[in-house]
Amino acid sequence: MYALAIHGGAGALPRAHYTAAREAEYRDGLARALDAGRQLLQGEGSALDAVEAAVSSLEDNPLFNAGLGAVLTATGTVELDAAIMDGSNLRAGAVAVLRHVRNPIQLARRVLEDGAHVFLVGEGAERFAAELGIEAVSNELFITPYRREQLRELQQHPGPGASAALDEPPFGTVGAVARDRRGNLAAATSTGGTAGKRPGRVGDSPVIGAGTYADNATCAVSTTGHGEWFLRTVQAYDIAARLRYGAASLSDAVKEAVSERLPRLGGSGGLIAVGRDGQIVMRRNTPAMFRASLRSDSPPSIDIY
Ligand code: ASP
């Protein structure tokens with residue numbers, strides 16, 4: 001039995017941007033990403049291949065806050081973060097503050113495969129990409145008119161606190177978790193981070209254990225939401241630890257984290273998880289979360305609210 005779940009971010013809906021036609025486009029993007037992963041899982045592909053393929057598809061879709069169409073930093077540039085983890089051997093690859101790599105998740109996979117390091121950032125990560133022959137693209141390539149407008153609005157109407165972006169959680173980080181027929185689990189997450197962030201800021205998404213985690217013995221998790229809170233709670237690993245040490249069920253562990261602990265602390269967002277048995281759990285404490293899932297024994301579902 002195989003299982004795959006993906007998310008396209010949790011938060012409050014971007015009001016002006018959001019129409020019925022746009023909703024259909026988001027659903028279509030999720031369906032295509034799910035399909036990219038499914039094709040691998042129903043053949044010989046591994047869970048790791050499936051999460052990479054699903055996340056690559058979402059990175060290429062300008063609607064989501066990852067790869068093309070990612071949010072802008074306070075200075076109007078794009079800085080991308082991603083991580084991938086193989087639950088069968090706990091190998092992981094992560095990259096952050098990328099400005100010129102078109103598909104950060106694919107570079108994260110190469111970091112995992114190389115195996116010398118787990119986490120590469122900025123210039124060093126881009127040098128590694130160049131050594132691998134990955135073409136560098138201009139930072140402009142990632143920037144869409146909507147993201148420019150979003151930044152302008154944020155800067156014209158800053159909310160209380162450090163930045164308005166932190167009052168209204170970002171929307172659009174992408175992630176995937178999978179279990180393949182052999183029982184291997186994997187997780188992947190990719191993001192542009194939070195809109196209007198300080199250049200150099202890194203959230204939870206590429207941090208193994210915070211935004212991304214996979215271990216065949218417990219579960220695979222990909223998060224989305226206020227990265228600062230998911231970092232502080234070491235959220236993805238916390239779910240796995242509840243299973244590992246506390247013998248919690250996956251759904252209870254996710255519920256406690258997302259619906260009780262995070263809101264108590266002031267953190268908003270959601271996460272997707274898959275257990276060793278292929279059980280999929282998706283939960284949020286925000287009005288919406290783009291999400292989709294399928295299992296070999298049940299049809300796909302795509303939901304926003
Ligand atoms: N968690 C991501 C970050 O803080 C953002 C998101 O999921 O929307 O970078």
Side-chain angles (χ1 to χ4, degrees), residues 5-14 17 26 30 55 58-59 61 63-67 69-74 77-84 94-99 104-105 108 119 121-122 142 146-147 150-151 154 161-177 187-213 221-239 257-258 262 265-273 282-291 304:
I6 62 175
H7 70 76
L13 290 175
H17 188 54
Y26 279 111
L30 290 168
V55 166
L58 293 164
E59 284 178 339
N61 187 329
L63 289 176
F64 297 97
N65 173 21
V71 299
L72 305 187
T73 66
T77 56
V78 166
E79 293 184 354
L80 303 168
D81 308 330
I84 189 165
V95 289
V97 202
L98 300 180
R99 298 193 179 90
I105 200 66
F119 202 170
V121 306
F142 298 108
Y146 169 64
R147 296 302 185 189
Q150 179 187 44
L151 182 64
L154 275 176
S163 115
L166 296 178
D167 297 326
E168 189 169 302
F171 205 59
T173 287
V174 309
V177 293
T189 313
S190 181
T191 188
T194 50
K197 68 185 179 183
R198 191 181 283 277
R201 177 264 187 194
V202 176
D204 60 317
S205 309
V207 176
I208 298 301
T212 306
Y213 195 72
V221 178
S222 170
T223 70
T224 172
H226 275 162
E228 281 67 13
W229 279 111
F230 289 83
L231 279 166
R232 289 167 181 145
T233 54
V234 198
Q235 195 52 70
Y237 181 72
D238 182 69
I239 304 285
V258 175
L262 276 170
L265 294 168
S268 60
L271 61 85
I272 57 173
M282 302 190 275
R283 203 173 180 97
R284 68 191 195 279
N285 60 34
T286 50
M289 178 164 84
F290 291 124
R291 60 199 188 278
I304 298 176

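Read the numbers this way: they start at 1 and go in the same order the structure lists the ligands and their atoms.
- Taking the six-membered ring where the residue is Trp, Y26 and F290 present parallel rings, their angle staying beneath 30° rather than reaching 60°.
- At a heavy-atom cutoff of 4.0 Å, ligand 1 is contacted by the side chain of R201 but not by its backbone.
- Residues T191 and T173 bring a donor and an acceptor atom of their side chains to less than 3.5 Å of each other.
- With 3.5 Å as the limit, one finds no donor-acceptor pair spanning the side chains of T73 and E79.
- Near G193, meaning under 4.0 Å from one of its heavy atoms, ligand 1 places the atoms 9 (O).
- When each of D204, T223, L262 is paired with W229, the side chain to side chain contact (heavy atoms under 4.5 Å, CB included) condition holds for L262 and for no other.
- For the pair K197 (side chain) and V202 (backbone), a donor-acceptor distance under 3.5 Å is absent.
- Comparing heavy-atom distances from atom 7 (O) of ligand 1 across V71, T286, T224, L271 singles out T224 as nearest.
- Closest heavy-atom approach to atom 2 (C) of ligand 1 among the candidates G8, G203, G225: G225.
- Note: no N/O pair closer than 3.5 Å links A10 and ligand 1 by distance alone.
- Side-chain atoms of N65 come within 3.5 Å of backbone atoms of V71 as a donor-acceptor pair (strictly under, hydrogens ignored).
- Those atoms of ligand 1 with a heavy atom of S205 less than 4.0 angstrom away are 1 (N), 2 (C).
- Counted within 6.0 Å of CZ on R198, heavy atoms from surrounding residues, nucleotides or ligands total 12 or fewer; the atom is thus considered open.
- Annotation for ligand 1: atoms under 4.0 Å from non-hydrogen atoms of D204 are 1 (N), 2 (C), 3 (C), 4 (O).
- At a 4.0 Å cut-off, not a single heavy atom of K197 sits close enough to ligand 1 to count as contact.
- Within the listing of ligand 1, atoms 2 (C), 5 (C), 6 (C), 7 (O), 8 (O) sit less than 4.0 angstrom from a heavy atom of T173.
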